[in-house]
Engineer: 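Let me give you the structure first, and then I'll get to my questions.
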Amino acid sequence: MDVRRLAKDGVLTALALGIFVVELQLPALTPIPGVKPGLSNIVTVAAMFTLGPADAGGILACRLLLGALFAGNMMALLYSAAGGTLAYVTLLIFRRVLTKNQIWVASVFAAMAHNVGQVLTAIAVTSTPSIIVYLPVLLVSGVAAGLLTGLAAQYTVNRLGKHLK
Amino acid sequence: MVKTKTWIIIISAIFLLSLVFSALIWLRPQKANVAEIYVDGELYRTVDLSEANEDETFTVDTGRGVNTVLVSAGKIRVVDADCPDGVCVKSGWLTGSAPIVCLPHRLVIKLADSGGLDAVAG
């Protein structure tokens with residue numbers, strides 16, 4: 001791996017981690033578990049559509065692992081990893097069917113995939129299928145969060161895309 | 001390539017559908033007065049909320065940690081937990097069909113008849 005690429009990935013990981021830690025300090029918007037803006041995914045989405053899947057995957061994996069360590073909540077890694085993997089796969093798929101002005105669409109679907117992953121993990125961990133009732137409300141928040149981070153990623157790529165590539 | 005307008009319609013449809021289902025789940029009138037406490041998917045204890053005339057506090061030792069549950073005036077909630085996130089405490093009183101969940105301790109508190117989405121649809 002060349003040094004330029006490594007440096008870019010490192011900077012983006014640090015940026016994502018910084019956003020993640022700041023977001024941790026914000027009070028929860030609702031008492032519903034799993035509802036959060038997920039602002040650090042602006043970096044994941046922007047990286048996916050500029051640097052490509054390998055770099056975006058590396059940045060996401062490092063951010064999830066270090067984020068869980070910084071938050072002191074390794075248990076949360078289990079849920080974020082399940083959601084993160086599903087969201088990543090969703091980004092991979094949508095990357096192939098979207099135009100360069102529809103990046104935000106991928107983010108919305110990735111956020112929903114993340115919510116599905118969260119709920120499925122919670123069901124698996126507690127062996128309680130009725131937790132599925134949380135899915136609709138998480139999807140409502142997921143669409144809103146995905147739209148917010150997606151539009152931010154869209155504008156970032158529009159303006160800085162050339163420098164990221 | 002799918003037009004942006006089409007994506008907006010698809011996303012709006014999913015959003016509205018989720019919103020309707022969320023409202024159905026959260027606003028559903030509470031018929032059952034029996035709360036069930038599950039640990040690891042197995043029934044740990046049932047609490048008859050209608051018979052709870054006096055406030056009662058008890059602890060649930062899940063084996064992974066301890067949750068303190070309060071029953072008061074026909075309602076139930078978790079008041080304390082030694083888990084890192086405290087999501088179950090922030091969830092407040094058990095209402096509608098949405099169960100109180102403590103993932104680190106694998107504890108779930110739900111109303112006896114809340115069978116999930118089927119119950120809402122049926």
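As the structure is a prediction and not an experimental result, all values here were calculated from the model. Chain A is the first sequence line, chain B the second, and so forth, proteins listed ahead of strands; every chain is numbered from 1.
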Engineer: Do the non-hydrogen side-chain atoms of B:Y38 and A:S127 ever get within less than 4.5 Å of each other?
Structural biologist: no
Engineer: Answer yes or no: is there a side-chain heavy-atom contact under 4.5 Å between A:N101 and B:T4?
Structural biologist: no
Engineer: How about residues 137-152 of chain A versus chain B: which residues have heavy atoms under 4.5 Å apart?
Structural biologist: A:V137, A:L139, A:V140, A:V143
Engineer: Side chain, backbone, both or neither: which part of B:I14 has an atom under 4.5 Å from a heavy atom of chain A?
Structural biologist: side chain
Engineer: Hydrophobic cluster membership, with links at side-chain heavy-atom distances under 4.5 Å among I/L/V/M/F/W/Y: are A:L17 and A:L26 in one?
Structural biologist: no
Engineer: Indicate the atoms forming the closest heavy-atom contact of A:V125 with B:L103, along with that distance.
Structural biologist: CG1-O, 4.0 Å
Engineer: The test is side chain to side chain contact (heavy atoms under 4.5 Å, CB included); show your working for A:V133 and B:F21 and say whether it passes.
Structural biologist: CA-CA 9 Å; A:V133 299; B:F21 269 97; over 6 Å; no
Engineer: Using non-hydrogen atoms and a 4.5 Å limit, figure out which bit of B:L17 sits close to chain A: side chain, backbone, both or neither.
Structural biologist: neither
Engineer: Taking all non-hydrogen atoms of both residues, which atom of A:Q102 and which atom of B:K3 are closest, and how far apart?
Structural biologist: NE2-C, 3.6 Å
Engineer: Determine whether B:V87 and A:I131 fall in the same hydrophobic cluster, where Ile, Leu, Val, Met, Phe, Trp and Tyr are linked whenever their side-chain heavy atoms lie under 4.5 Å apart.
Structural biologist: no
Engineer: Looking at OG1 of A:T128 and CZ of B:R106, how far apart are the two atoms once the value is rounded to the nearest 0.5 Å?
Structural biologist: 11.0 Å
Engineer: If hydrophobic clusters are built by linking Ile, Leu, Val, Met, Phe, Trp and Tyr wherever their side-chain heavy atoms come under 4.5 Å apart, do A:V97 and B:I8 end up in the same one?
Structural biologist: yes
Engineer: What is the distance from atom CZ of A:F94 to atom CH2 of B:W7, rounded to the nearest 0.5 Å?
Structural biologist: 4.5 Å
Engineer: Under a 4.5 Å cutoff for heavy-atom pairs, which residue among A:T126, A:T121, A:L135 has the most contacts with chain B?
Structural biologist: A:T126
Engineer: Please say yes or no: joined through hydrophobic side-chain contacts below 4.5 Å, possibly via intermediate residues, are B:V2 and A:L92 part of one cluster?
Structural biologist: yes
Engineer: After noting the C-alpha distance and the side-chain angles of A:Y134 and B:I25, does the key distance pass the side chain to side chain contact (heavy atoms under 4.5 Å, CB included) rule?
Structural biologist: CA-CA 9 Å; A:Y134 273 107; B:I25 287 165; over 6 Å; no
Engineer: Answer with side chain, backbone, both or neither: which region of B:V108 has an atom nearer than 4.5 Å to a non-hydrogen atom of chain A?
Structural biologist: side chain
Engineer: Which residues in residues 57-69 of chain A have a heavy atom less than 4.5 Å from any heavy atom of chain B?
Structural biologist: none
Engineer: Membership question, hydrophobic clusters at under 4.5 Å side-chain separation (ILVMFWY): are B:V78 and B:L70 in the same one?
Structural biologist: no
Engineer: Taking everything shown except B:F58 itself, do over 12 heavy atoms lie less than 6.0 Å from its CZ?
Structural biologist: yes
Engineer: So which of B:C83, B:G41, B:C102 has the biggest tally of heavy-atom pairs under 4.5 Å with chain A?
Structural biologist: B:G41
Engineer: Taking all heavy atoms of A:P136 and all of B:S22, pick out the closest pair and write down the distance.
Structural biologist: C-OG, 3.2 Å
Engineer: So which of A:V108, A:T99, A:V105 has the biggest tally of heavy-atom pairs under 4.5 Å with chain B?
Structural biologist: A:V105
Engineer: Can you measure from CD1 (B:I10) to CZ (A:F109) and round to the nearest 0.5 angstrom?
Structural biologist: 5.5 Å
